[in-house]
Amino acid sequence: MISLIPFLQLAAVGVASHVIERKIERAGHGGRVVLVRMATYVICAGIALYQWRIALRMLGIVFGVHVSW
């Protein structure tokens, strides 16, 4: 079964960062938009790594490998 939670998390991060970027840019601080984008990439990478960890753990369980983490 495929969970939609990671996709919803990524969508929420994307929408929130887009809104924040537009507000910062309209306030005249265009250079700070890069910082928001970098933070967005880090958060998305964290979500992706967490999901990969779960997927690899489930794969290990399917093949009978003891996964302690």
### Message
How long is the straight-line distance from CG of L35 back to CD of E21, given to the nearest 0.5 Å?
### Response
10.5 Å

### Task
Mind checking the CD-OH spacing from Q9 to Y50? Nearest 0.5 Å is all I need.
8.5 Å

#### Entry: I47 CD1 to F7 CZ distance, which is reported to the nearest 0.5 Å
11.5 Å

### Query
Measuring from R22:CZ to R26:CZ, what's the distance to the nearest 0.5 Å?
4.0 Å

### Query
Out of curiosity, I20 CD1 to H18 NE2, how far, rounded to the nearest 0.5 Å?
11.5 Å

### Task
Measure the spacing between CZ of R37 and CD1 of I24 and express it to the nearest 0.5 Å.
10.5 Å

### Task
Work out which heavy atom in L10 is nearest to a heavy atom in C44; give both atom names and the distance.
CD2-SG, 3.8 Å

### Message
For a quick test of reading the model, state the closest non-hydrogen atom pair linking S17 to G14 and the distance between them.
### Response
OG-O, 3.0 Å

### Other residues, nucleotides, ligands: >12 heavy atoms within 6.0 Å of L49 CG
yes

